[in-house]
Amino acid sequence: MTWDPPWPPIRITNDEWIIMRDSRAEPAGVIRRLLFNRQVVFRVVTWAPTSEDRQLVGYFPSLEVADRSIKFRPPTLEART
């Protein structure tokens, strides 16, 4: 099965992407490509305006798998009324 998110990762530097999900105005996560023990990995953190407020989601072997780790949130009951 191919991953075809409605918004593909948005590249902001050579090694960093913003992930959009539920909001068109605010990112859901940030992916950064790193070299770890001579292997490329993709670190995913949740979005927050400052680094210290971001939470680690995990390290992944590819950009596609990293992108899949940022989930969509179902609409809340309040948002539907």
Side-chain angles (χ1 to χ4, degrees):
M1 176 185 348
T2 0
W3 175 239
D4 190 21
W7 302 283
I10 300 167
R11 185 177 228 159
I12 57 173
T13 71
N14 283 340
D15 295 311
E16 197 166 32
W17 294 261
I18 295 291
I19 303 301
M20 304 301 286
R21 288 293 182 263
D22 306 303
S23 169
R24 292 179 187 212
E26 185 173 277
V30 180
I31 298 174
R32 180 170 285 184
R33 180 177 33 217
L34 304 168
L35 190 59
F36 186 71
N37 289 337
R38 297 185 194 169
Q39 291 192 338
V40 172
V41 295
F42 294 82
R43 182 189 71 200
V44 179
V45 295
T46 59
W47 167 255
T50 60
S51 293
E52 56 269 3
D53 293 327
R54 296 176 185 174
Q55 295 180 352
L56 178 66
V57 174
Y59 293 87
F60 301 92
S62 70
L63 179 60
E64 181 178 311
V65 175
D67 185 21
R68 286 180 191 223
S69 74
I70 300 290
K71 305 300 181 198
F72 289 89
R73 291 176 301 223
T76 63
L77 185 57
E78 292 132 11
R80 288 186 243 158
T81 59

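None of these values were measured; they are calculated from a predicted model.
- Between I10 and M20 the shortest side-chain heavy-atom distance falls below 4.5 Å.
- For the atom pair CG of L56 and OG1 of T46, the computed distance is 9.0 Å after rounding to the nearest 0.5 Å.
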Checklist entry - side chain to side chain contact (heavy atoms under 4.5 Å, CB included) between I19 and W47: does it pass, once the steps are laid out? => result CA-CA 9 Å; I19 303 301; W47 167 255; over 6 Å; no

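- A donor-acceptor pair under 3.5 Å is absent between the side-chain atoms of R21 and the main chain of K71, judged by distance alone.
- Taking both residues in full, the closest heavy atoms of V57 and S69 are given as CG1-OG, 3.7 Å, listed atom of the first, atom of the second, then distance.
- In this structure the side chain of I31 never reaches within 4.5 angstrom of the side chain of E16, judged on heavy atoms.
- Listed by chain and residue number, R54 satisfy the side chain to side chain contact (heavy atoms under 4.5 Å, CB included) test with S51 (two or more places apart in sequence, or in another chain).
- Here the side chains of V44 and V30 are not in contact, with every heavy-atom distance at 4.5 Å or above.
- Aromatic ring orientation, W17 versus F42: tilted (interplanar angle from 30° to 60°).
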Item to check | Chi angles and distances behind the side chain to side chain contact (heavy atoms under 4.5 Å, CB included) call for V41, F60 | outcome: CA-CA 6 Å; V41 295; F60 301 92; over 6 Å; no

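- Looking only at distances, a side-chain donor or acceptor of R33 sits under 3.5 Å from a matching main-chain atom of N14.
- Residues forming a side chain to side chain contact (heavy atoms under 4.5 Å, CB included) with L35 (at least two apart in sequence, or on another chain): V40.
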